[in-house]
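Remember, predicted model here, so these are calculated numbers, not experimental data. Naming convention: chains lettered A, B, ... in sequence-line order (proteins, then strands); numbering from 1 in each chain.
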Number of protein chains: 2
Amino acid sequence: MATLADVARRAGVSTATVSRIINNSPKPVAEALRERVLAAVAELQFVPNANAQQLARADRTAVGVIVHDVSDPYFAEITRGLQRVATDHGRLVIICNSYRDPERELAYVDLLHAHQTAAIVLAGSGYVDAPITARLDGKLRLYQSTGGRVSVIGRHEHAGDAVVPENEPGGYLAGDALYRLGHTAVGVIAGPRHLTTTTDRLAGLRRAAKEHGHRLGAKQVVYADFDRNGGAAAAATLLEQNPGLTAIAALNDSMAVGALACLRERGIDVPGQVSLIGFDDMPISVDVTPPLSTVRLPLEEIGVRAMSLALRDGDREGPLVEHAAAKLVLRGSTAAPPAR
Amino acid sequence: MATLADVARRAGVSTATVSRIINNSPKPVAEALRERVLAAVAELQFVPNANAQQLARADRTAVGVIVHDVSDPYFAEITRGLQRVATDHGRLVIICNSYRDPERELAYVDLLHAHQTAAIVLAGSGYVDAPITARLDGKLRLYQSTGGRVSVIGRHEHAGDAVVPENEPGGYLAGDALYRLGHTAVGVIAGPRHLTTTTDRLAGLRRAAKEHGHRLGAKQVVYADFDRNGGAAAAATLLEQNPGLTAIAALNDSMAVGALACLRERGIDVPGQVSLIGFDDMPISVDVTPPLSTVRLPLEEIGVRAMSLALRDGDREGPLVEHAAAKLVLRGSTAAPPAR
DNA sequence: ACCCCCTAGGTAAGCGCTTTCCCGGCAGGT
DNA sequence: ACCTGCCGGGAAAGCGCTTACCTAGGGGGT
């Protein structure tokens, strides 16, 4: 592998000169030399070693992103926003999938720290477990103390900036919509128990229930894993446990789509017999039949904002917290409960 | 930031010893010392600088992945496979989105090269433009000559290993299915012209047409961009340009879903009046109404294999090329053309 | 009791680059 | 003609780590 020194030797100059030229540093260099060096660079196909550069410069260029799973549409959309901003700033993005495993997330924070990334964006990280949260927070603070920037998507309970999606209000919106339509027997397909996304959205739903004079019993809430098949299975359980069920709220659209499939399979008309509402407003939600009513979260925008926070040259005027509003989107999967 | 030297000083040992301990090198170290050092590491919250480590060790750990767009379900699924294998091997993955822009792709190859990644996996890179392909190939070869491994998903026209999805045969499968059902007026929603994925799939379709005594005229092929809305627009154009159309083949499922929406909007029954077939078998394809007939490609598996190739400690017994078979999946969106 | 060898730990030379400092030479001012 | 000041370029000291090589003891063998 050609090194800077090789180029210097070839061009008959010092390494300092070569370095200045390839980084076009402010220091002026005679045109003739510059050309000779550039020629040598081309001949030797010199590609500077980024590790050495970073070490010598002590600067940080890449930014790390930790998400649950890029292939999940929810995170895919957030990631798209993150990437766009990073690219605009000329930053390399390192994406890490934690697969919702707190330990892996912890390990990735260390890894990104070790690799001297300029910033870490934590997407969808919100664990109910307090010790985990504390450990995560500790690592993030350490990272910050070495000059790294931290930006979190989700609850603001960590060091660093945050953009928080309004999960609780969103849950309320979904519940309120259902109760307003006249439903009284509603079931909930929740996400994984250990995620605050789940608990927050559920809390909103409970608040709506309470406000309308109802409550969500244990049998009315089934926990799943935020993906389609889990949603289908949960819908089946819900139907079984609650004979008079007229509405289902799924805590994300993937599960809602699964539920829809389950309902269709059993010949249950949506929304004629059972209403269904999702959460997130994934691109697919509009393409299923009936199109899914849901609570929209501006996912890509959330990504954009989170990365912007991570990249701001914040002279520490304290962490910034932004909110991303949830919005009710009524489509064809919700209606009044059947008369009887 | 605490450095190795700080830890050494704190523990009253040399940096060599600390290094040996934190890397638990084979060289034996007295238990007392080890503990003292580990204590110092903990107190100082020492996180080794990965750049310095890589520089000193001259080893390569991370692997780079260049895809068109992780948030596109097609690549999301491939990426999932890639990630899984990389993680199993304890490798950090750097994901780069080229957004189908060859120049960006070129730039990323340089970047990953500079960062001393152990391997580069190029997913979905296949450009029709020869100069581009040549430049890409040049860069990849250079990278390889410095010890990097290259694995490509797509046509095998580059240096390195490859897993090639059977795009042409897949296109044939789709076309053959339609013609066998008795369709004669079929329209095609193609992808971007500059991608070989498009040209290959289209070639398969043309071969099927020819074999059945038909041919695809210029008006029967509309180019779009591989995403939903492009598919919808293309379907509209197709309908307009071909009054007697009874079948549409979309070169991927996203566009097929868009086409489906367009058809529904115009009150055209699928498959009663127009049959529709997609490509890829995305997870959503089963959830639209009617469920989409398509040509399945084992995307996640392709990712798994590509990463396995990239990570094999290939003692250069020449590049390996694997094929991934396309398989016809008939669901509800295809039927015989309406009698008249 | 002596020698040898093995072992635990240290010394220091890099890895490939950046950047500070320094130096030689040239032009311009007096 | 001499001095000053400036400018292009080089020497070399790191950046934070790894590792080949070396050294000082201590234990065992005779």
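- Considering every non-hydrogen atom in both B:Ser98 and B:Tyr127, the closest pair reads OG-OH, 4.3 Å.
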Item to complete: If a protein heavy atom is under 4.0 Å from the base, mark B; if only from the sugar-phosphate, S; if neither, -; do that for nucleotides 17-22 of chain D going 5' to 3'.
Response: BBBBB-

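- Every residue was checked against the salt bridge (charged side-chain N to carboxylate O under 4.0 Å, His left out) condition with A:Asp225, not counting sequence neighbours, and none meets it.
- One interatomic measurement links the two molecules: CG of A:Leu55 to P of C:dT19, which rounds to 12 Å at whole-angstrom precision.
- Put simply, the side chain of B:Glu105 never gets that close to the backbone of B:Arg100: no donor and acceptor are under 3.5 Å apart.
- Counting to the nearest Å, the C1' atom of C:dG9 and the CZ atom of B:Arg36 are 11 Å from each other.
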Output side-chain donor-acceptor pairs under 3.5 Å for residues 82-91 of chain B, partner residues at least two apart or in another chain, one line each.
{"from": "B:Arg84", "atom 1": "NH1", "to": "B:Glu300", "atom 2": "OE2", "distance (Å)": "2.6"}
{"from": "B:Thr87", "atom 1": "OG1", "to": "B:Gln83", "atom 2": "O", "distance (Å)": "2.8"}
{"from": "B:Arg91", "atom 1": "NH1", "to": "B:Arg60", "atom 2": "O", "distance (Å)": "3.3"}
{"from": "B:Arg91", "atom 1": "NH1", "to": "B:Thr61", "atom 2": "O", "distance (Å)": "2.7"}

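- Here side chain to side chain donor-acceptor pair (under 3.5 Å) pairs that include residues 30-51 of chain B, with residues two or more places apart or in two chains, are B:Arg10-B:Glu43.
- A straight line from CZ of B:Arg9 to C1' of D:dG16 spans 12 Å, rounded to a whole angstrom.
- C:dG9 atom P lies 13 Å from atom CD of B:Glu35, rounded to whole Å.
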Enumerate, atom names and distances included, each donor-acceptor pair closer than 3.5 Å involving a side-chain atom of residues 11-21 of chain B, sequence neighbours excluded.
{"from": "B:Ser14", "atom 1": "OG", "to": "B:Ala16", "atom 2": "N", "distance (Å)": "3.4"}
{"from": "B:Ser14", "atom 1": "OG", "to": "B:Thr17", "atom 2": "N", "distance (Å)": "3.3"}
{"from": "B:Ser14", "atom 1": "OG", "to": "B:Thr17", "atom 2": "OG1", "distance (Å)": "3.2"}
{"from": "B:Ser19", "atom 1": "OG", "to": "B:Asn23", "atom 2": "ND2", "distance (Å)": "3.3"}

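- Terminal axes of the helix from C:dA1-D:dT30 to C:dT30-D:dA1 (five pairs each, C1' rotation axis) are separated by 50°, to the nearest 10°.
- For the pair A:Gln144 and A:Lys139, the minimum side-chain heavy-atom distance is 4.5 Å or more.
- Using modelled atom types, no side-chain atom of A:Arg141 and backbone atom of A:Leu136 make a donor-acceptor pair closer than 3.5 Å.
- Nearest-nucleotide positions on DNA chain D place A:Val13 closer to the 5' end than the other of A:Ala58 and A:Val13.
- The nearest whole Å value for the distance from the CD atom in B:Gln116 to the C1' atom in C:dC17 is 12 Å.
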